[in-house]
Amino acid sequence: MSGSPAVVMRLVASAYTVAEKAGAIVRKVLHSGELGIVEKTGANDLQTLADRLAQQSICASLSRRFPKITIIGEEDLPAEEVKEELIENGHSEEILQKTCPAEYSGLKEEELVVWVDPLDGTKEYTEGLLDNVTVLIGIAYAGKAIAGVINQPFYNYQLGTGAELGRTMWGMPGLGAFGFTLKEAPGNRRIITTTRSHSNKVVTECVDAMEPHEVIKVGGAGNKIIQLVEGRASAYVFASLGCKKWDTCAPEAILTAVGGKLTDMHGNAYRYDANVKHMNSAGVLATLRNHEYYVSRVPQSVRQALKTD
């Protein structure tokens with residue numbers, strides 16, 4: 001047993017290279033100029049060819065290697081043969097060298113649930129706001145987010161032609177987070193990051209109640225968590241429906257790994273079991289530090305508007 005890496009570490013090591021492959025697919029579709037956009041529920045809920053191909057790649061690659069895991073992806077795709085060119089068989093040797101936290105070392109494949117958002121920030125992707133775009137692969141056990149991989153396909157794109165695009169970060173509570181430099185937002189400033197395209201009266205009221213010094217409106221849940229761990233924001237506040245489990249599982253694992261917290265607007269943890277509702281119906285509140293302060297600032301009217309499941 002000691003000679004073979006734990007199942008969860010092998011899964012994370014595979015998810016790392018699978019996320020990089022998905023990121024490459026996302027870049028390739030953009031450069032082709034044929035985005036293949038379809039509206040799902042409206043103009044703010046889009047799906048592109050990149051969403052579809054990246055999800056096929058992630059789900060087929062992981063299920064081929066780990067046939068007993070449960071994979072839940074954002075896109076509702078027809079069952080069809082996935083082209084061999086979309087399959088990624090590699091893994092990160094560096095991750096396999098890490099010591100698995102003892103509490104997860106004996107987990108079996110069938111106990112793990114993988115939540116996949118193949119392209120988080122689709123609307124921004126179609127509008128050229130490429131730094132907002134991420135690929136999210138979250139791994140859950142017993143309802144908790146225990147590992148996460150975030151790929152930013154267009155990281156560095158502002159540097160222009162010739163820049164090496166993309167980066168992948170990952171994390172596991174009890175082990176740490178890797179692929180970025182942890183930085184805290186200035187302690188004397190409350191900088192709130194919130195939705196760019198899904199705002200409403202309740203969202204605005206809740207952000208205002210935090211008495212922010214600054215508000216940053218960006219797309220993508222993965223991107224907002226990156227704002228927190230790289231010191232550009234103090235809290236991610238989204239007092240609305242719209243965010244789903246595949247948006248928050250991977251980011252929550254990475255945030256938790258560096259001492260942060262992600263809850264609903266009431267301060268309750270979300271669960272990531274295979275049979276839960278996909279919608280995060282009581283909003284999302286995430287912080288690197290001082291979580292209780294932000295929970296305490298949520299207005300009663302917002303709490304009433306966002307019922308817990």
Side-chain angles (χ1 to χ4, degrees), residues 16 19-33 35 37 44-51 53-55 58 74 116-138 148-171 177-186 191-199 207 212 214-238 242-243 246-248 250-252 254-255 258 260 262 284 286 288:
Y16 185 96
E20 295 208 311
K21 169 89 168 181
I25 291 168
V26 168
R27 286 192 296 271
K28 186 177 178 184
V29 170
L30 186 77
H31 295 147
S32 78
L35 296 189
I37 301 168
N44 284 337
D45 188 13
L46 305 177
Q47 184 195 81
T48 68
L49 178 61
D51 293 87
L53 292 179
Q55 179 160 308
I58 294 167
E74 174 178 12
V116 175
D117 190 338
L119 201 172
D120 183 39
T122 301
K123 189 167 193 295
E124 287 69 27
Y125 178 67
T126 65
E127 295 171 1
L129 298 168
L130 301 179
D131 50 333
N132 289 209
V133 174
T134 58
V135 175
L136 305 175
I137 304 177
V149 176
I150 299 179
N151 175 272
Q152 275 185 298
F154 300 101
Y155 180 72
N156 273 346
Y157 87 102
Q158 296 96 333
L159 300 181
T161 316
E164 188 174 337
L165 292 182
R167 68 167 170 174
T168 305
M169 51 182 74
W170 69 281
F178 310 87
F180 65 96
T181 303
L182 181 66
K183 190 177 172 199
E184 300 207 20
I191 307 168
I192 306 294
T193 183
T194 191
T195 183
R196 184 181 153 264
S197 55
H198 298 279
S199 197
V207 168
E214 186 183 343
V215 177
I216 305 170
K217 294 185 176 183
V218 293
N223 179 39
K224 293 184 189 73
I225 297 301
I226 293 170
Q227 307 293 318
L228 296 183
V229 299
E230 293 196 319
R232 290 187 290 277
S234 338
Y236 162 24
V237 180
F238 183 51
C243 216
W246 45 72
D247 292 309
T248 53
E252 179 176 341
I254 290 174
L255 185 62
V258 293
L262 185 150
V284 175
L288 185 59

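For Tyr16 against Val149, the heavy-atom pair with the smallest separation is CA-CG1, 4.1 Å. Nearest heavy atom pair, residue Phe238 against residue Cys243, reads CE2-N, 3.8 Å. Of all heavy-atom pairs spanning Thr134 and Gly222, the tightest one is OG1-CA, 3.9 Å. Nearest heavy atoms, Tyr157 versus Gly128: OH-O, 3.7 Å. The two residues Pro153 and Gly23 come nearest to each other via the heavy atoms CB-O, 3.6 Å. Closest approach of Ala221 to Asp120, counting heavy atoms only: N-OD2, 2.9 Å.
Note: Ile191 CD1 to Glu214 CD = 5.0 Å, rounded to the nearest 0.5 Å. To the nearest 0.5 Å, the span separating CG on Leu30 from OG1 on Thr48 amounts to 9.0 Å. Between atom CD1 of residue Ile192 and atom NZ of residue Lys217 there is a gap of 12.5 Å, rounded to the nearest 0.5 Å. Taking CG of Asp51 as the reference point, atom CD1 of Ile25 lies at 11.5 Å (rounded to 0.5 Å). Atom CD in Glu74 sits 6.0 Å away from atom CG in Asp247 (nearest 0.5 Å). Residue Leu255 holds its CG atom at 9.0 Å from CD1 of Ile150, rounded to the nearest 0.5 Å.
Using modelled atom types, no side-chain atom of Asn132 and backbone atom of Gly121 make a donor-acceptor pair closer than 3.5 Å. Under the 3.5 Å distance criterion, the side-chain polar atoms of Tyr125 are left unmatched by any main-chain donor or acceptor of Leu35. Thr193 places a side-chain N or O within donor-acceptor distance of the main-chain N or O of Ile216, the cut-off being under 3.5 Å.
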Which donor-acceptor pairs under 3.5 Å do the side chains of residues 223-232 make with protein atoms, sequence neighbours left out?
from: Asn223; atom 1: OD1; to: Gln227; atom 2: NE2; distance (Å): 3.0
from: Asn223; atom 1: ND2; to: Gly219; atom 2: O; distance (Å): 3.1
from: Lys224; atom 1: NZ; to: Val218; atom 2: O; distance (Å): 3.0
from: Lys224; atom 1: NZ; to: Gly220; atom 2: O; distance (Å): 3.4
from: Gln227; atom 1: OE1; to: Arg232; atom 2: NE; distance (Å): 3.1
from: Glu230; atom 1: OE1; to: Arg167; atom 2: NH2; distance (Å): 3.1
from: Glu230; atom 1: OE1; to: Arg232; atom 2: NH1; distance (Å): 3.3
from: Glu230; atom 1: OE1; to: Arg232; atom 2: NH2; distance (Å): 3.0
from: Glu230; atom 1: OE2; to: Arg167; atom 2: NH1; distance (Å): 2.8
from: Glu230; atom 1: OE2; to: Arg167; atom 2: NH2; distance (Å): 3.1

Requested in this report: Show the numbers, then the answer: is there a side chain to side chain contact (heavy atoms under 4.5 Å, CB included) between Glu127 and Arg196?
Outcome: CA-CA 12 Å; Glu127 295 171 1; Arg196 184 181 153 264; 2.5 Å; yes
Requested in this report: Check the pair Lys28 / Leu53 against side chain to side chain contact (heavy atoms under 4.5 Å, CB included), numbers first and verdict last.
Outcome: CA-CA 11 Å; Lys28 186 177 178 184; Leu53 292 179; over 6 Å; no
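The local environment of CD in Glu164 is sparse, with at most 12 non-hydrogen atoms from other residues, nucleotides or ligands closer than 6.0 Å.
Qualifying ring-ring contact (aromatic ring centres under 6.0 Å, His included) partners for Phe154, counting only residues two or more places apart in sequence or in other chains: none. With sequence neighbours left out, the salt bridge (charged side-chain N to carboxylate O under 4.0 Å, His left out) criterion links Glu184 to Arg289.
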